[in-house]
Asker: 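Got a structure for you, questions after.
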Amino acid sequence: MSDEQYDPQALQAKWQQRWERLEPYRAGEDPADERPRRYMLDMFPYPSGDLHMGHGEVFAIGDVVARYWFLRGYNVLHPIGWDSFGLPAENAAIKRNEHPATWTYANIETQANSFRRYGISFDWSRRLHTSDPDYYRWNQWLFTRFFERGLAYRKGGLVNWCPNDQTVLANEQVVNGRCERCGAEVVRRELTQWYFKITDYAQRLLDDMDQLTHWPERLLTMQRNWIGRSEGADVLFEIEGRDEPVTVYTTRPDTLYGATFFVVAADAALADEIVTDEQRPAFEAYRAEVAKLSDIERLATDKEKTGVFLGRHAINPVNGERIPVWAADYVLSDYGHGAIMAVPAHDQRDLDFALKFGLPVKVVVHTGLADPAETGQATPGEGTLVNSGPLDGLGKAEAIAKIVEILAAEGRGRATVNFRLRDWLLSRQRFWGTPIPIIHCPDCGEVPVPDEDLPVTLPDMRGEALAPKGVSPLAAAEDWVNVACPKCGGAAKRDTDTMDTFVDSSWYFLRYTSPGYSEGPFDPEQVRRWGPIDQYVGGIEHAVLHLLYSRFFTKVLHDMGMVNFTEPFVRMLNQGQVINGGKAMSKSLGNGVDLGKQIDEFGVDAVRLTMIFAGPPEDDIDWADVSPAASQKFLARAFRVMAEAGAAGAPGADFAAGDIELRKVTHRTIDEVTRLIESYRFNVAVARMMELTTAARRAIDSGPGAADPAVREAAETLAIMLSLVAPYAAEEGWERLGHGPSIARATWPEADPSLLVQETVTCVVQVAGKVRDRLEVSPDITEDDLRALALASDKVRAHLSGDPRKVIVRAPKLVNIVP
RNA sequence: GCGUCCGUGGCCCAACCGGCAGAGGCGCCGGCUUGAGGAGCCGGAGGCUGCGGGUUCGAAUCCCGCCGGGCGCACCA
């Protein structure tokens, strides 16, 4: 019976080769192809080495969906590519004294081979690598378009600097004061950098979330928090001795009468401008102190308030009161206007500051709570306005409306909206990325490289030349840097920074629709045909990185008339992590599990099945809790059913002649698995496949036997359903059942409704909520009949002493009698 | 601290709209098979659904409060 042995490695060798020849997963390109289209995408990998367990999970999940769509008859686009620019390649190049491309493309080949073995249903013909000049030239082209529209600009300011990676970072890449990539503490530096004006799209990024009805709620919440919209008012304060008034932003203009001091961000230009000569030494000392703090120290919530008096006073516009102006680091220079009015009675931060420096506290909202000056607890809640002139007696909402009206009439303020979101800092002082296509000309300024000169390719640099020096390595490539200005022809220099690699990934999903296109980043016709992406699968860690940036890019491209939708990803699934023993796998813990070794030991199918069966796709998988060996056992069992059924008969049997009991199981399974796959409960779907396998096994051993058409029907059904998760076993089983390759071209089975109806159902009869009897009844029994039947039951009557008070009938499944 | 999701046999996990707590897997125990082991096949045990209250004829499911955990936010005025 060795013929029915399940030998995963042999099947892999056999079918991987055949699939490569058959290409069953190529997206249909024929414009006359009438099949409905679906676009399935997994977040493309960074080629850091071979594929790891995390990849194994994402791609196994995505493949269930893609393969299901193939079987449902869709024209499916399921592409793969590599996010191949980035720091690790550069670091490897320095260490090995070679070009970053060497390491990068070697890893890509390794991963591509592993993907092929892993049996993912990719359309390999659309493969792309973001580090190819053919790809990154379009980054440059897009950058130029953004620049022309004022969406890419350069400005100076304090930026996040990673001392380990020796480059600046976007706000999104700083997590709790640490570099998102390497974990080093980020410091702040004053630098001139390129930005994308994502803040122009803040409101739309928020509004269009209405379209994202198939995104996980927590992901939307993260983006909402990140964008951080708030409503409030701008209020103008005069500063004694300064001509222009200073604007502050507040969400509580109703508390304006309670402002007892004024705070300017210590690092804001305004502080430096208005500090008096007398206070300057103290201010400068303070500012230097603050500059030394890391983000982690600065943002510690339990940190004591610090600050320094600037020697000046501001005038409260509503009552003319003189209030002292301080500098402090709890006010941020890049939010609002970098200055605030402080209302210590009703804002905890202001109160902490006031109590520390002995500043007055004035209650203007009566909340019924104790005096903040006494308790140290600010009262930020609602109440009735007091000590506030025309606002007295009003509630919060009325007071805000009224004060805004008054301020507006006097030209001293207006209602406004603010966002926490900052512009996207995109320049990086590293080599292995897309050169920014700008030429700096002493006469013409920032001149974009003309489209016909794109791509600006990277100069050939390797090894030590790439070592981080705090400025881009490109600056050292003099032949490359020095160019003629495209406008005036004079001597000029290229910008030496490269783009954040998140630029690359912000539009790659559009390129897949026409990867060879040379007239633009993508063929708008093909994007219309395939887009937007029906299902995207990837990690939640990209919530306010890649997923936010891609949404922004899509909107800009929409405004440019290049795409016909405003949201790129219709449905989003965040898979969980693969962990081991309750902890993330890591080298330092020594608890890593190697995907390749798991596959060597258990086979691709068993590893994939384990990933899918472990639990809901968004849950973490603890590899210590699951059993690839058990998966392999199940696959062997399923395989034997297919092989035995195949050996006992031929395709085309009349299923209707088969064993009715098994047929019912098969069709109930089809019905349930279809629903389970469509609702993404893949783990439960696998459980149903296991049951079907058991039922078929029983039919072979102790029922009608392997030759019964119902057994064949069950086996064929099993093969097709199993192919979503275990393509090798399924494909071989399909062949044993007498079908030609590939199972990817088979049709998803349909349940016969006549086989789903049950002749009888078990009705539970309860007395006072306790089960006392079970009745076999017809599914369409009437309530009255069921009630009579239940009351006639001896077992029920044994628990009744007289007439029941109430009888609840839920035909046909339940009767509850209340005695 | 605030918000949010979650807590079901020893373990991973099911349970449609509130209606018999258990589908599937791991582990454990037993039987058949085998020279033995493994594999295979068949069967079994195992629970106050985190705790306390409430709504209901009926609660794992809905509501409130605790306890424990995950995630997010946390000087953004």
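Numbered from 1 within each chain, the chains take letters A, B, ... in sequence-line order.
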Asker: Please work out if Arg772(A) contacts a base, only the sugar-phosphate, or nothing of the nucleic acid, heavy-atom cut-off 4.0 Å.
Answerer: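 Here Arg772(A) touches no strand at all.
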
Asker: What pairs meet the ring pair (Phe, Tyr, Trp, His ring centres under 6.0 Å) rule with one or both residues in residues 333-352 of chain A, with sequence neighbours excluded?
Answerer: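 Of all non-adjacent pairs touching residues 333-352 of chain A, none passes ring pair (Phe, Tyr, Trp, His ring centres under 6.0 Å).
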
Asker: Got a list of side-chain donor-acceptor pairs under 3.5 Å for residues 685-697 of chain A, not counting sequence neighbours?
Answerer:
| unit_1 | atom_1 | unit_2 | atom_2 | d |
| --- | --- | --- | --- | --- |
| Arg688(A) | NE | Glu691(A) | OE1 | 2.6 |
| Arg688(A) | NH2 | Glu691(A) | OE1 | 3.4 |
| Thr693(A) | OG1 | Met689(A) | O | 2.7 |
| Thr694(A) | OG1 | Arg637(A) | NH2 | 2.6 |
| Thr694(A) | OG1 | Met690(A) | O | 3.1 |
| Arg697(A) | NE | Asp701(A) | OD2 | 3.1 |
| Arg697(A) | NH1 | Glu644(A) | OE2 | 3.4 |
| Arg697(A) | NH2 | Glu644(A) | OE1 | 2.9 |
| Arg697(A) | NH2 | Asp701(A) | OD1 | 2.9 |

Asker: Could you work out the separation of C63(B) and C5(B) based on their P atoms and round it to a whole Å?
Answerer: 10 Å

Asker: If the sugar-phosphate is the primed atoms plus P, OP1 and OP2 and the base is the rest, what is the B/S/- string for nucleotides 8-15 of chain B, using protein heavy atoms under 4.0 Å?
Answerer: ---SSSSS

Asker: Using the P atom as the point on both nucleotides, what is the distance between U8(B) and A15(B), in whole Å?
Answerer: 14 Å

Asker: Under 4.0 Å between a side-chain N/O of Tyr335(A) and OP1 or OP2 of A77(B), yes or no?
Answerer: yes

Asker: Which atom pairs, one a donor and one an acceptor, fall under 3.5 Å between side chains of residues 212-220 of chain A and the rest of the protein, sequence neighbours left out?
Answerer:
| unit_1 | atom_1 | unit_2 | atom_2 | d |
| --- | --- | --- | --- | --- |
| His214(A) | ND1 | Arg571(A) | NH2 | 3.4 |
| Trp215(A) | NE1 | Phe569(A) | O | 2.8 |

Asker: Any Lys/Arg nitrogen of Asp352(A) or Lys356(A) sitting under 4.0 Å from an Asp/Glu carboxylate oxygen of the other?
Answerer: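 Salt bridge absent between Asp352(A) and Lys356(A).
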
Asker: Between Arg218(A) and C6(B), does any side-chain N or O lie under 4.0 Å from OP1 or OP2?
Answerer: no

Asker: How close or far is atom C1' of G19(B) from atom NZ of Lys770(A), stated in whole angstroms?
Answerer: 16 Å

Asker: Does Ser702(A) place a side-chain N or O at less than 4.0 Å from the phosphate oxygens OP1/OP2 of C42(B)?
Answerer: no

Asker: To the nearest Å, how far apart are Gln632(A) CD and G25(B) C1'?
Answerer: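 Spelled out: CD on Gln632(A) to C1' on G25(B) is 15 Å.
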
Asker: Using atom P of each nucleotide, how far apart are G40(B) and G25(B) to the nearest Å?
Answerer: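 Approximately 12 Å lies between the P atom of G40(B) and that of G25(B).
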
Asker: Among the nucleotides G43(B), C75(B), A23(B), which one has an atom lying closest to any side-chain atom of Lys305(A)?
Answerer: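 Side chain of Lys305(A) sits closest to C75(B).
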
Asker: Rounded off to whole Å, could you give me the CG-to-P distance for the Leu219(A) and C73(B) pair?
Answerer: 11 Å

Asker: Just so I know, are the side chains of Trp326(A) and Phe353(A) near enough to count as touching, which here means a heavy-atom distance under 4.5 Å?
Answerer: yes

Asker: How close or far is atom P of A77(B) from atom CG of Asp234(A), stated in whole angstroms?
Answerer: 12 Å

Asker: Should G1(B) form a Watson-Crick or G-U wobble pair with both distances under 3.5 Å, which nucleotide is its partner?
Answerer: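 Answer to the pairing question: C73(B), which forms a Watson-Crick or G-U pair with G1(B).
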
Asker: Can you list the residues that meet the salt bridge (Lys or Arg N to Asp or Glu O under 4.0 Å) rule with Arg668(A), with sequence neighbours excluded?
Answerer: none

Asker: Whole angstrom is fine here: how far is it from CG in Asp671(A) over to C1' in A23(B)?
Answerer: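 Spelled out: CG on Asp671(A) to C1' on A23(B) is 15 Å.
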
Asker: Base, sugar-phosphate, or nothing for Thr251(A), non-hydrogen atoms under 4.0 angstrom?
Answerer: sugar-phosphate

Asker: Which nucleotide, if any, forms a Watson-Crick or G-U wobble pair with G27(B), using both distances under 3.5 Å?
Answerer: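 WC or wobble partner does not exist here.
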
Asker: Can you list everything that forms a side chain to side chain donor-acceptor pair (under 3.5 Å) with Asn171(A)? Sequence neighbours excluded, please.
Answerer: Asn160(A)

Asker: Tell me, please, which residues at least two apart from Gln575(A) pass side chain to side chain donor-acceptor pair (under 3.5 Å).
Answerer: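 Checked Gln575(A) against side chain to side chain donor-acceptor pair (under 3.5 Å); zero matches.
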
Asker: In the structure shown, which nucleotide is the Watson-Crick or G-U wobble counterpart of C17(B), with both distances under 3.5 Å?
Answerer: none

Asker: Any N/O pairs under 3.5 Å between the protein and nucleotides 54-61 of chain B? List them or say none.
Answerer:
| unit_1 | atom_1 | unit_2 | atom_2 | d |
| --- | --- | --- | --- | --- |
| C57(B) | OP1 | Lys806(A) | NZ | 3.4 |
| C57(B) | O2 | Asn816(A) | ND2 | 2.4 |

Asker: Roughly how many Å apart are A39(B) and U34(B), using the C1' atom of each and rounding to a whole number?
Answerer: 10 Å

Asker: What is the distance from CG of Leu635(A) to P of G24(B), rounded to the nearest Å?
Answerer: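 One finds 18 Å between P of G24(B) and CG of Leu635(A), rounded.
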
Asker: Could you list all the salt bridge (charged side-chain N to carboxylate O under 4.0 Å, His left out) pairs where at least one residue sits in residues 326-345 of chain A, not counting sequence neighbours?
Answerer: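 Only Lys303(A)-Asp329(A), Asp334(A)-Arg422(A) qualify under salt bridge (charged side-chain N to carboxylate O under 4.0 Å, His left out).
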
Asker: N/O contacts under 3.5 Å, protein versus nucleotides 38-40 of chain B?
Answerer:
| unit_1 | atom_1 | unit_2 | atom_2 | d |
| --- | --- | --- | --- | --- |
| G40(B) | O3' | Arg640(A) | NH2 | 3.2 |

Asker: Determine the interatomic distance between P on U61(B) and the same-named atom on A21(B); round to the nearest Å.
Answerer: 13 Å

Asker: Which value, in whole Å, describes the distance between the P atoms of nucleotides G54(B) and C42(B)?
Answerer: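 Each nucleotide's P atom is 48 Å from the other's.
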
Asker: Considering only side-chain heavy atoms of Ala687(A), which listed nucleotide, A77(B), G24(B), C75(B), is closest?
Answerer: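 Closest nucleotide among those given: G24(B).
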
Asker: Donor-acceptor pair, distance only, cut-off 3.5 Å: does the side chain of Asp234(A) make one with the backbone of Arg414(A)?
Answerer: no

Asker: Where does C63(B) land, syn or anti, given syn is within 90° of 0?
Answerer: anti

Asker: Please report, rounded to the nearest Å, how far the P atom of C71(B) is from the CH2 atom of Trp226(A).
Answerer: 18 Å

Asker: Please compare Thr762(A) and Phe419(A) by the position of their nearest nucleotide in RNA chain B and report the one closer to 5'.
Answerer: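 Going by which nucleotide is closer to the 5' end, it is Thr762(A).
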
Asker: Who does U56(B) pair with, Watson-Crick or G-U, both distances under 3.5 Å?
Answerer: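 Matched U56(B) with nothing under the 3.5 Å cut-off.
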
Asker: In whole angstroms, how far is the C1' atom of C26(B) from the CG atom of Leu609(A)?
Answerer: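 Spelled out: CG on Leu609(A) to C1' on C26(B) is 13 Å.
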
Asker: Can you tell me the pairing partner of C66(B) across any strand shown, Watson-Crick or G-U wobble, with both distances under 3.5 angstrom?
Answerer: G50(B)

Asker: Roughly how far apart, to the nearest Å, are U56(B) and C71(B) at atom C1'?
Answerer: 34 Å

Asker: Do Asn316(A) and Tyr257(A) get their side chains close enough for a donor-acceptor pair, meaning under 3.5 Å?
Answerer: no

Asker: Please list, chain by chain and in numerical order, all residues satisfying side chain to side chain donor-acceptor pair (under 3.5 Å) with Asp7(A), sequence neighbours excluded.
Answerer: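 Here no residue qualifies.
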
Asker: Does a side chain donor of either Asn418(A) or Ser230(A) reach within less than 3.5 Å of an acceptor in the other side chain?
Answerer: no

Asker: With a 3.5 Å limit on both atom pairs, tell me what A39(B) is paired to, counting Watson-Crick and G-U wobble, or say none.
Answerer: none

Asker: Assign Val331(A) to base, sugar-phosphate, or nothing according to its heavy-atom contacts below 4.0 angstrom with the strands shown.
Answerer: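 Since a base atom lies under 4.0 Å of Val331(A), the category is base.
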
Asker: Expressed in whole Å, how much space separates the C1' atoms belonging to G68(B) and G27(B)?
Answerer: 25 Å

Asker: Please give me the minimum heavy-atom distance between Ala638(A) and Leu722(A), naming the atom from each residue.
Answerer: CB-CD2, 4.0 Å

Asker: Mapping Met690(A) and Asp347(A) to their closest nucleotides on RNA chain B, which lands nearer the 5' end?
Answerer: Met690(A)

Asker: Can you list every ring pair (Phe, Tyr, Trp, His ring centres under 6.0 Å) pair that touches residues 799-819 of chain A, not counting sequence neighbours?
Answerer: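 Applying ring pair (Phe, Tyr, Trp, His ring centres under 6.0 Å) to every pair that reaches into residues 799-819 of chain A, excluding sequence neighbours, yields nothing.
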
